[in-house]
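Written below as structure tokens is the structure these notes are about.
On a predicted model such as this, the values are computed, not experimentally measured, just so you know. As the structure lists them, so they are numbered: ligands from 1, and atoms in each ligand from 1.
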Amino acid sequence: MKTATRDPAAQHLWRPYTQMKSTPPALPVVSAEGVRIKLADGRELIDGISSWWTVCHGYRNPHIVEAVKAQLDLVPHIMLGGLTHDPAERLAARLAALAPGDLNHVFFCESGSVSVEIAMKMSIQFWINQGVAGRTKFVAFRGGYHGDTLATMSVCDPDEGMHALFGGSLAHQIIADLPVDAASIAQFEALLDAHAGQIAGVVTEPLVQGAGGMKFHAPEILQAMRTACDARGLPLIFDEIMTGFGRLGTMFAAGKAGVTPDIMTVSKALTGGTLPLAAAIASKKIFNAFWSDDPAAALMHGPTYMGNPAACAAANASLDLFEREPRLQQVAAIEAGFERLLPAARDIPGVVDVRWQGAIGVVEMQALPELDSLKAAFVESGIWVRPFNNIIYLMPPFTIDATDLETLINTALAVTRRWAGQHFAGQ
Ligand SMILES: *Cc1c(COP(=O)(O)O)cnc(C)c1O
């Protein structure tokens, strides 16, 4: 007997983060162009979240589409073991040139979570290869998000990462409060010292904790982490999967903060939201710990589709667009739009904070009860916005024009105001 679902289209397709029994039907998409998503019933939505923060140049950018088509005609996929190809070689060199400091060694994989796993594996083996035993744990932060695989869940926020539910299956890491001032930086350093000898590395999202709640922190916090890690020889991992490729107004958050990590992970906007691709980019120091006459010192990792040529062609084309078109100025224009229009949200009932940085605009609510009704109201008003927990956020493609940006922000606020009037009346 088959399980009945409310949504017949979900009979076989198991959806992300979804209670399949109660979920409202998903909206069928037939095409997407620029910042617009076209639904099967003919409606068009302005995209406010860039398909999970990937589509930085808008949908179907012709330069990327052409590059992928041309690569498909040459070699769609080829293994990277024992063989190599120009798209991966070029992309690795370009990422090394763009990444700060001596982050020069690019290891490809297919998803963000896996790139974080690789960064963790690199850090653990970094110690093993130097003959240091026992350094197997990571320091990570409350509010952090690093992926959905078991190892990355262990460095996510304990609640969001479901450390309790999956407790017995997850590695036990050292989860700290993200420092905010001199006193908490001192506490963080004391924590590093209390666990000295156990710690393989420190992992954080730089400047913005994304899926954990769109929380911002100051560059000084990252500078203090860098200093603390340097003093103890600890690898510092920046997970730039959300912040990378312009989202905060610079190519990487590391550059904006003036801090170079030992390993940086990238994915999401790497291919301009075209094909799955990710990378862990390591410094000379990390790479050198694997450079040896001993075969056992090699990094024993190799995802089947790593460095997929079509995905690398898409990523190279995406980097071309960052070079040729004024993307970072467009991000600055989006930031200016948030600065002008978003503060109006402050007097909406139930709003506790309004903030923005680069092309991220956030309206934080006390709570978002009956979230499905708010999501539906956004769609009815012609925008695609997916609030989570108590967060309503906008992360449009960088190519959104001034008119669409204004429509997106003002519609989001008008819908939220109407909806909040029903849920937070009298506040
Ligand atoms: C999305 C995200 C990940 C996970 O990437 P996937 O490709 O979904 O596995 C990890 N870290 C951060 C900061 C992310 O935003």
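- Using a 4.0 Å cut-off between a side-chain N of Lys or Arg and a carboxylate O of Asp or Glu, Lys69 and Asp73 do not qualify as a salt bridge.
- Of all the atoms in ligand 1, the ones that sit under 4.0 Å from a non-hydrogen atom of Lys268 are 1 (C), 2 (C), 3 (C), 14 (C), 15 (O).
- The closest protein non-hydrogen atom to atom 7 (O) of ligand 1 is Gly112 N, 2.8 Å.
- At under 3.5 Å, not a single nitrogen or oxygen of Ser267, backbone or side chain, sits near a nitrogen or oxygen of ligand 1.
- Which parts of ligand 1 touch Gly147 is read off a 4.0 Å heavy-atom cut-off, strictly below it: atoms 4 (C), 10 (C).
- In this structure, atom 8 (O) of ligand 1 lies nearest to the protein heavy atom Ser113 OG, 4.4 Å.
- When hydrogens are left out, the protein atom nearest atom 11 (N) of ligand 1 is Asp239 OD2, 2.7 Å; that is the closest non-hydrogen contact.
- Side-chain rings of Phe398 and Phe245 stay apart, their centers remaining 6.0 Å or farther from each other.
- Remark: ligand 1 and Glu205 share no N or O pair separated by less than 3.5 Å (distance only, no angle test).
- Between the side chains of Arg226 and Gln223, no donor-acceptor pair of N or O atoms lies under 3.5 Å.
- The pair Asp320-Arg94 meets the salt-bridge criterion, since a charged nitrogen lies less than 4.0 angstrom from a carboxylate oxygen.
- Rounded to the nearest 0.5 angstrom, Arg247 CZ and Met395 CE are separated by 4.5 Å.
- For ligand 1, the polar-atom distance check against Ile241 finds no nitrogen or oxygen pair separated by under 3.5 Å.
- The existence of a salt bridge linking Asp193 and Arg232 is confirmed by a sub-4.0 Å separation between a basic side-chain nitrogen and an acidic carboxylate oxygen.
- In this structure, Trp53 has a heavy atom closer than 4.0 Å to ligand 1.
- For the residue pair Phe338 and Gly361, the shortest heavy atom distance occurs at CE1-N, 3.3 Å.
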